[in-house]
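A short worksheet on the structure shown next.
Just so you know, these numbers use all the heavy atoms, side chains as well, and skip hydrogens, waters and symmetry mates.
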Amino acid sequence: MKKRICVLFTGGTIGSKKDQTSVKVDSTQNSLLIDLAKKEIKGVEYDCFSVLNMHSENVQESDLYKIVEFIKDID
């Protein structure tokens with residue numbers, strides 16, 4: 001059986017891109033991170049989901065509940 005890793009993207013610093021004046025959440029960063037992981041960790045299948053797309057300092061309690069509910073629905 002192939003190993004699987006479930007990755008939940010929520011934005012934040014790791015999902016952001018810096019331009020000349022600011023740091024903005026950029027969902028294209030997610031695929032770059034997974035591509036790097038695939039090069040380093042062989043034989044693993046990644047199930048990737050974007051649950052939120054915001055900076056972590058903007059996360060509210062209701063957003064955390066969205067993450068929890070999403071995780072509950074994952075098999």
Side-chain angles (χ1 to χ4, degrees):
M1 177 183 277
K2 196 169 197 176
K3 293 181 182 181
R4 296 176 72 156
I5 295 176
C6 181
V7 181
L8 303 181
F9 291 108
T10 58
T13 304
I14 200 165
S16 297
K17 192 172 188 180
K18 181 182 173 197
D19 63 21
Q20 294 177 351
T21 59
S22 62
V23 176
K24 297 179 182 173
V25 176
D26 182 351
S27 61
T28 62
Q29 296 300 103
N30 298 346
S31 62
L32 295 174
L33 291 169
I34 294 302
D35 289 345
L36 287 171
K38 286 179 179 178
K39 288 180 184 175
E40 295 295 319
I41 305 169
K42 305 291 184 197
V44 174
E45 188 173 310
Y46 294 87
D47 297 317
C48 301
F49 303 96
S50 183
V51 182
L52 300 174
N53 197 28
M54 62 177 60
H55 290 291
S56 52
E57 65 266 22
N58 297 326
V59 172
Q60 303 293 310
E61 185 176 348
S62 60
D63 298 315
L64 296 175
Y65 284 113
K66 287 179 192 174
I67 295 169
V68 169
E69 290 304 315
F70 191 91
I71 292 170
K72 284 180 180 178
D73 290 337
I74 294 174
D75 183 30

Whether over 12 other heavy atoms sit under 6.0 Å from E45 CD: yes
Same cluster (ILVMFWY, side-chain, under 4.5 Å), V51 and I74: yes
Side chain to side chain donor-acceptor pair (under 3.5 Å) between E61 and Y65, worked out: CA-CA 7 Å; E61 185 176 348; Y65 284 113; 3.3 Å; yes
Closest non-hydrogen atom pair between K42 and K39, with its separation: NZ-O, 3.2 Å
L33 side chain reached by Y46 side chain, heavy atoms, under 4.5 Å: no
Shortest non-hydrogen contact from D63 toward N58: OD2-O, 4.0 Å
Among L52, L8, T10, the one residue meeting side-chain contact (heavy atoms from CB on, under 4.5 Å) with F70: L8
Test: K66 and E69 ion pair at under 4.0 Å: no
